[in-house]
Protein chains: 2
Amino acid sequence: MSSENGRSPVMADVARLAGVSHQTVSRVLNGHPNVRPETQARVQAAIEQLGYHRNSSARALVTRRTNVLGVVTFDTTLYGPASTLSGIERAAREAGYFVSIVTLTDISRASVREALDYLAEQSVEGCIVIAPQRAAVESLTDVSVARPLVAVEGGRAPGLPVVCVDQVGGARAVTEHLLGLGHRTVHHVAGPMEWLEAEGRVQGWREALEAAGAPIPEPLRGDWSPRSGYEIGLRLAEDPRITAVFVANDQMALGVLRALGEAGIRIPEEVSVAGFDDVPEAEFFTPPLTTVWQNFSDVGRRSIRLLVDQIDRRARKGSAGATETEEDLRDVVPARLVVRASTAPVQLR
Amino acid sequence: MSSENGRSPVMADVARLAGVSHQTVSRVLNGHPNVRPETQARVQAAIEQLGYHRNSSARALVTRRTNVLGVVTFDTTLYGPASTLSGIERAAREAGYFVSIVTLTDISRASVREALDYLAEQSVEGCIVIAPQRAAVESLTDVSVARPLVAVEGGRAPGLPVVCVDQVGGARAVTEHLLGLGHRTVHHVAGPMEWLEAEGRVQGWREALEAAGAPIPEPLRGDWSPRSGYEIGLRLAEDPRITAVFVANDQMALGVLRALGEAGIRIPEEVSVAGFDDVPEAEFFTPPLTTVWQNFSDVGRRSIRLLVDQIDRRARKGSAGATETEEDLRDVVPARLVVRASTAPVQLR
DNA sequence: GCCTCGTTTGTTAGCGCTAACAATGTAGCT
DNA sequence: AGCTACATTGTTAGCGCTAACAAACGAGGC
């Protein structure tokens, strides 16, 4: 792969071999018009013969474009963030960008800032922050001037473009589904307060209950983990008036199913349980879980589009115009109810 | 953040403000000795006042180091790859490297090559390929000369450093555990043939059976998905002689549990089931799943160490020495059996 | 005083590339 | 032929940084 002398070949080497100037090589590489087909072929042959690769640093230095986007994410082992990251990466590559990632271990205003600074150090052209927590979003509003930025699942933030799944709508749909089955009301196992997704799901659930004139029980707080769902499930099992539970994610729903099962409660005959996320396993829980499907790859695609738009606009107009768009850019991806066997019409318990 | 004239500040701007030469600024930034403390302070102040960030492209151009590592991965929504990626990213950052990722949609020799070429285009200093399939590993052996490379879960490949979990040992441990409970033999639901992890688990299972002189049934092939586990589980349910099943991953094990449950088979009283992976949900399956835990963050850490070692060695000796180490570098991370309630002593069925 | 040595700072060149401009060739017209 | 228009190629400068060398300065020994 490398040239004879040991160092990897540069444009001048290719030029020499093809008998042209280095600039002609550059033109071929960048697809400029006005290069004679024969010359182009000769250059191509030389490139292949030497195994030449353009030096991206040199290119970036002069074009002032690194073609790198940064992604800040939190706990990629959770199904949602992992799927979103995957969608982002694919979309970025299609748009001609590389993706550099930073995963946070703790979420604080400081650590998000630090991650963004770190990515800035690498001269990324823009960042996507998968920031489902309130703290993370707040930390973004201060920085937003610096360089293009998009928040995923970011909540409402002035002047900060956001892509998110319609948590409220999804939660409303599940709750309405359960009410439609004849349940007097629906209990809710919520996610942590700081998580915007958790709050959106609480809101949708509450709205549906209010609209139906159903009593609104206090939501129980878990931490997304199956364990917390299990613990809350044990408490739910003790209250015989509960007939329907909407759990804020599938992992906790699994814990709830387990706890209710251990208590000898039959699902869905005695208690209906629904989740949120539609993880691949949900269909094979005992019983198969009614849940809400989110189109994460669409989220990834849309957030890249928003980010690339910002970058292009800035590149075209020059970075002078600071606060050109104060409009509240917010791209909401719909969620879809998936009904399975864990929910059923109300029966006596 | 940006300087007054609109363009972001460069080293010369800092130098002017601090009343020194740009080289002195460079020295401060790189922590060179022989800079008077007072000068250093003045430069620091100027840097902060201007919000100066070093241009990484210019720096990379002259130092010939991009400080970027590439990671090629496949389906990051699977628990294993996602956890490994996370561990890699953390370890890389600690070692002072950025991480650029490419996720593959299909695994073929061509697509892995393409991903590596793509990363080469970005001038990464080395790559880690999370390549659990045979095809992926094969595609690596040809390239290995080009630049530092480490395979994760890569199987045996000449001259290619590999970090992997001890699949064989883990599988042997589960199988021995089941035999120790008095089962005459253990059936196996395997993963796809092309996956090296699947083969390793088959091997460990087979070894344990052979050592115990137990009959070796034909392994049944799934595709890692809960659905395939479910379908195979339905078949298993029909054979009353089966009392113990080792499933190659937790997702398929979930499907098996579901299928056996639907067939009215009690677990673990009638059939013991064990998985592999120890996903967070496993503890809350019905019943809680006996499985094998893998230390993925350790895998990430070790693979980064192997890669950084290669890069450092190459940087020190110059890239002249091509095939300096033909030794078979292979770092095996132990796996750990986690016994839960899905396995029990054999009983009459 | 002069020379040597070490510390601190400045000057210069050049990494590999692209953009702007200059130069050349080639065809089509008057 | 001579001019214009255009296609094709080459030459030059410079992106922002670091490495190598050079210069200035003070301390210490003869």
Side-chain angles (χ1 to χ4, degrees), chain A residues 2-3 5-44 46-47 50-67 120-123 125 315 318-319, chain B residues 2-3 5-44 46-47 50-67 120-123 125 315 318-319:
Chain A
S2 33
S3 87
N5 73 38
R7 192 85 98 230
S8 55
V10 299
M11 211 171 249
D13 298 326
V14 177
R16 205 171 309 118
L17 183 60
V20 296
S21 75
H22 69 265
Q23 178 58 12
T24 299
V25 178
S26 170
R27 278 190 266 258
V28 170
L29 249 37
N30 293 319
H32 274 232
N34 304 342
V35 177
R36 239 172 53 219
E38 184 210 308
T39 311
Q40 186 168 331
R42 226 166 52 239
V43 170
Q44 277 299 356
I47 287 173
L50 294 175
Y52 169 74
H53 272 291
R54 195 158 43 178
N55 181 313
S56 63
S57 304
R59 186 173 151 79
L61 179 58
V62 62
T63 59
R64 299 162 180 288
R65 311 245 359 211
T66 55
N67 281 319
E121 206 64 48
Q122 200 194 351
S123 310
E125 291 189 35
S319 61
Chain B
S2 32
S3 86
N5 75 37
R7 191 84 100 231
S8 55
V10 299
M11 212 171 248
D13 298 326
V14 177
R16 206 171 308 118
L17 183 60
V20 296
S21 74
H22 69 260
Q23 178 59 13
T24 299
V25 178
S26 170
R27 278 191 265 256
V28 170
L29 250 36
N30 293 318
H32 275 232
N34 304 342
V35 178
R36 241 172 50 218
E38 185 211 307
T39 311
Q40 187 168 332
R42 227 167 51 239
V43 170
Q44 277 299 356
I47 287 173
L50 295 175
Y52 170 73
H53 272 290
R54 195 158 42 177
N55 180 313
S56 63
S57 304
R59 185 173 152 79
L61 178 58
V62 63
T63 59
R64 299 162 178 287
R65 312 243 0 209
T66 56
N67 282 319
E121 207 64 48
Q122 199 194 350
S123 310
E125 292 189 36
S319 60

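For the numbers below, each heavy atom of this structure counts, side chains included, while hydrogens, waters and symmetry mates do not. Chain letters run A, B, ... following the sequence lines, proteins first and then strands; every chain starts at 1.
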How close do [X] and [Y] get, counting heavy atoms only, and between which atoms?
X: B:H22; Y: B:M11; result: O-SD, 3.6 Å
X: B:T39; Y: B:V20; result: CG2-CG1, 3.8 Å
X: B:L29; Y: B:Y52; result: CD2-CE2, 3.6 Å

>> Under 4.0 Å, heavy atom to any atom of DNA chain C: which of residues 55-63 of chain A qualify?
In response: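 Within residues 55-63 of chain A, the residues near DNA chain C are A:N55, A:A58, A:R59, A:L61, A:V62, A:T63.
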Give a yes/no answer on whether the side chain of [X] brings an N or O atom under 4.0 Å of OP1 or OP2 in [N].
X: B:R64; N: C:dG16; value: yes
X: A:R65; N: C:dT18; value: no
X: B:S26; N: D:dT18; value: yes

> What nucleotide, of C:dG16, C:dT9, C:dT18, holds the atom closest to the side chain of A:V10?
Replying inline: C:dG16
Tabulate protein N/O versus nucleotide N/O from nucleotides 11-13 of chain D, keeping only pairs under 3.5 Å, one per line.
none

> Quick one: bend of the helix from C:dG1-D:dC30 to C:dT30-D:dA1 from 5 pairs per end, to 10°?
Replying inline: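 Here the helix ends are tilted 60° relative to one another.
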Which pairs, protein N/O on one side and nucleotides 4-7 of chain D N/O on the other, fall under 3.5 Å?
none

> Residues two or more places apart in sequence or in another chain: which of them pass side-chain hydrogen bond (donor to acceptor under 3.5 Å, both in side chains) with A:Q23?
Replying inline: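 side-chain hydrogen bond (donor to acceptor under 3.5 Å, both in side chains) check on A:Q23 returns nothing, list empty.
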> Of all residues at least two apart in sequence or in a different chain, which pass the side chain to side chain contact (heavy atoms under 4.5 Å, CB included) check with B:S57?
Replying inline: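 If we apply the side chain to side chain contact (heavy atoms under 4.5 Å, CB included) test to B:S57, skipping adjacent residues, the hits are A:A60, A:L61, A:T66, B:N55.
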